[in-house]
Structure formats: C-alpha cells, structure tokens
Amino acid sequence: PNNKRKRVSKIKDKEKAHPYSRKARQINRAMHKETSIAKAKSERINAALGRGQKIVWFRDNMDKGEEEVDAKLRKKMWTMVELRQLVDVYLTRNDEDVETILAKKDEGKNLLQKESLFLQLTDSEVKEAKLAGVEVPDLTNGAVVKALRAWDGDLNSITTIKLITCKPASIIPMEEEAKKNSRRGEGASAKADKIPQLLTEQQAIEVATGMVVN
C-alpha cells in the first residue's frame, strides 16, 4: 500500500525496472498521480489568472472619467444598474481586436490558431454572460469597492474581493420583452379558457348549419 504514495523521484533503482515488473507498475502509478496533480494545479492557476485579469480590469476601469477627481470624492459604491452597465463595457473591451481579426478573415486571409481561439473565447464569453451572467466584483458593496481599490494584484489575496453574478444591462430590455410576451400568452390562454364550451349537440348543429333542429 505504501508504494502508491511514493513519487517517481523516491523510487529506487527505477532505471533497472523490467517493463512488466511490479516496480514498473509502481512507477506508472506514481507518474500518473504526478501528472494528475500537475494538471489540477495548472487548471487552478489558469482559473485564478482568469479571475485575476477580470478583477484587475474592473479595478482599473471602474473609475473611468473620474481620474482627476479627488480620491475622497470618488464613488463609494455602485447601483446594480450602474454595475450592469459596467459589465456591458467589460464585454465590449475586445471589440476592436475582434473587428480586426474578422476583417482579415473577410479578406480571405488564413487566421492564426490563436486568432481563431480568441474569437471563440470572446464569443463564448458574451453568450454565457447574456445567458447566465458573469462573475464580477460586487461594486454595490462599499467594503468590496474599498478592498478593490487597495488590491495590489496579488492572486493570494484575491479572495478578499467578493464576486457576484451579474448580467449585462444590454439584455435587460430583451428579458423584459420576453416576460411581457409570456404574460400576454398566459393572458390569451386564460381568456381562451373562459370561452363557454357548454354547447349541446343540438346547439352545435344549429350554429354550424344555421338551421333550427326541432
């Protein structure tokens, strides 16, 4: 059992191991474990970097237009409507790069792999934000705003910045229209349910033929 906990570097005489020996299986288990740990660590780091880049953007852009304002007079917190509007700006931050790549594509030029991936990621980000929202710093909370302004970008202290899920302001009219249409449909259905359905067979014949049945 203890063999499963060993790292490859701790296995003795691994260079002499026969391909089908117990030691070879031990080495394979250790290598698989180390690979899994390294992959999980890499994914955590990439996720943390992604969150960090997003938080840095909000830190650097939430005071746009107020650079000349005294720090004491800057906004202490945002309303939810204002935060949604800021999310809109965040989602359009790559528009110029996207337009440049699309123009290259329209000219019939082959895109680099990183350019195609960039388009895919950008499109996926916008669609996901419109559907489920995007995690952003909770600027409606004064303590979070203060912590964000003081944050130095250290990923180890990123947990001090509370995140909330927020949808962009641009989709609110569409959602409201969808709700109105849904309510209209429900209303029409309710009205239809109220239409009398109690005609007798004789009355039904009279309505259909215009003749009175004696």
Side-chain angles (χ1 to χ4, degrees), residues 33-102 113-182:
K33 183 177 180 179
E34 289 184 1
T35 300
S36 298
I37 292 174
K39 181 180 178 181
K41 182 178 180 181
S42 176
E43 290 175 349
R44 288 196 301 271
I45 292 174
N46 289 335
L49 286 173
R51 288 195 300 272
Q53 291 173 348
K54 182 192 304 179
I55 294 174
V56 166
W57 187 93
F58 277 87
R59 182 197 64 186
D60 295 345
N61 289 271
M62 64 181 183
D63 290 321
K64 284 291 186 181
E66 295 189 3
E67 290 85 354
E68 303 302 324
V69 177
D70 187 278
K72 295 181 180 179
L73 300 177
R74 289 180 180 174
K75 295 177 67 168
K76 300 297 187 293
M77 65 178 68
W78 277 243
T79 66
M80 183 55 71
V81 172
E82 291 171 331
L83 181 54
R84 287 178 180 275
Q85 292 170 343
L86 190 56
V87 170
D88 267 326
V89 178
Y90 172 74
L91 292 175
T92 59
R93 69 193 187 283
N94 294 317
D95 279 5
E96 289 187 8
D97 294 328
V98 169
E99 289 176 3
T100 299
I101 296 174
L102 290 178
Q113 183 177 0
K114 64 178 182 180
E115 292 175 328
S116 297
L117 180 60
F118 179 76
L119 290 179
Q120 293 175 10
L121 292 175
T122 302
D123 183 61
S124 176
E125 179 186 52
V126 173
K127 287 181 178 177
E128 183 177 350
K130 290 182 177 180
L131 181 64
V134 57
E135 276 196 328
V136 299
D138 184 9
L139 301 185
T140 65
N141 185 319
V144 174
V145 173
K146 185 176 180 179
L148 183 57
R149 286 203 173 106
W151 184 55
D152 61 0
D154 181 10
L155 294 180
N156 293 321
S157 60
I158 199 173
T159 53
T160 61
I161 311 298
K162 178 186 175 183
L163 304 180
I164 60 172
T165 300
C166 183
K167 289 186 178 182
S170 58
I171 70 164
I172 301 303
M174 292 187 291
E175 289 188 343
E176 291 178 348
E177 185 62 28
K179 289 179 181 178
K180 288 180 182 178
N181 291 336
S182 177

Is any side-chain heavy atom of M62 closer than 4.5 Å to one of L86?
yes

Fill in: D88 side chain vs A169 backbone, donor-acceptor pair below 3.5 Å
yes

Rounding to 0.5 Å, atoms OG1 (T140) and CD1 (I164) come to a distance of 4.5 Å

Quiz item: Between T92 and D95, is there a donor-acceptor pair closer than 3.5 Å when you use the side chain of the first and the backbone of the second?
Solution: no

So CG of L148 and CG of L139: to nearest 0.5 Å the spacing works out to 6.5 Å

Between the CD1 atom in I161 and the CZ atom in R51, the distance rounded to the nearest 0.5 Å is 12.5 Å

In terms of heavy-atom contacts, V87 and C166 come closest through CG2-SG, 4.0 Å

On a heavy-atom basis, the closest approach of D152 and D154 is OD1-N, 3.0 Å

Here the pair of heavy atoms bringing K167 nearest to A129 is CG-O, 3.9 Å

CG (D97) and CZ (F118) are apart, to the nearest 0.5 Å, by 4.5 Å

- Task: Would you mind reporting whether V56 and D60 have side-chain heavy atoms less than 4.5 Å apart?
- Result: yes

Tested for side-chain contact (heavy atoms from CB on, under 4.5 Å) against W78, the lone hit among D138, V145, V144 is V145

Checklist entry - Is there a donor-acceptor pair under 3.5 Å between the side chain of K54 and the backbone N or O of E135? => result yes

Passes salt bridge (Lys or Arg N to Asp or Glu O under 4.0 Å), R93 versus E125? Steps please.
CA-CA 12 Å; R93 69 193 187 283; E125 179 186 52; 3.1 Å; yes

Within the 4.5 Å heavy-atom criterion, are V136 and W57 side-chain neighbours or not? no

Minimal heavy-atom distance between L119 and V98, with the atoms involved, is CD2-CG1, 3.9 Å

When rounded to the nearest 0.5 Å, the distance separating CD of E115 from CG of L102 is 10.5 Å

Output for pair (R74 CZ, R149 CZ), nearest 0.5 Å, gives 6.5 Å

G142 and M77 have their tightest heavy-atom pair at N-CE, 3.6 Å

Sorted by chain and number, sequence neighbours left out, ring-ring contact (aromatic ring centres under 6.0 Å, His included) with F58 holds for Y90

Tightest non-hydrogen contact, residues G52 and W151, listed as O-CH2, 3.9 Å

Heavy-atom side-chain proximity of V89 to Q85 below 4.5 angstrom
no

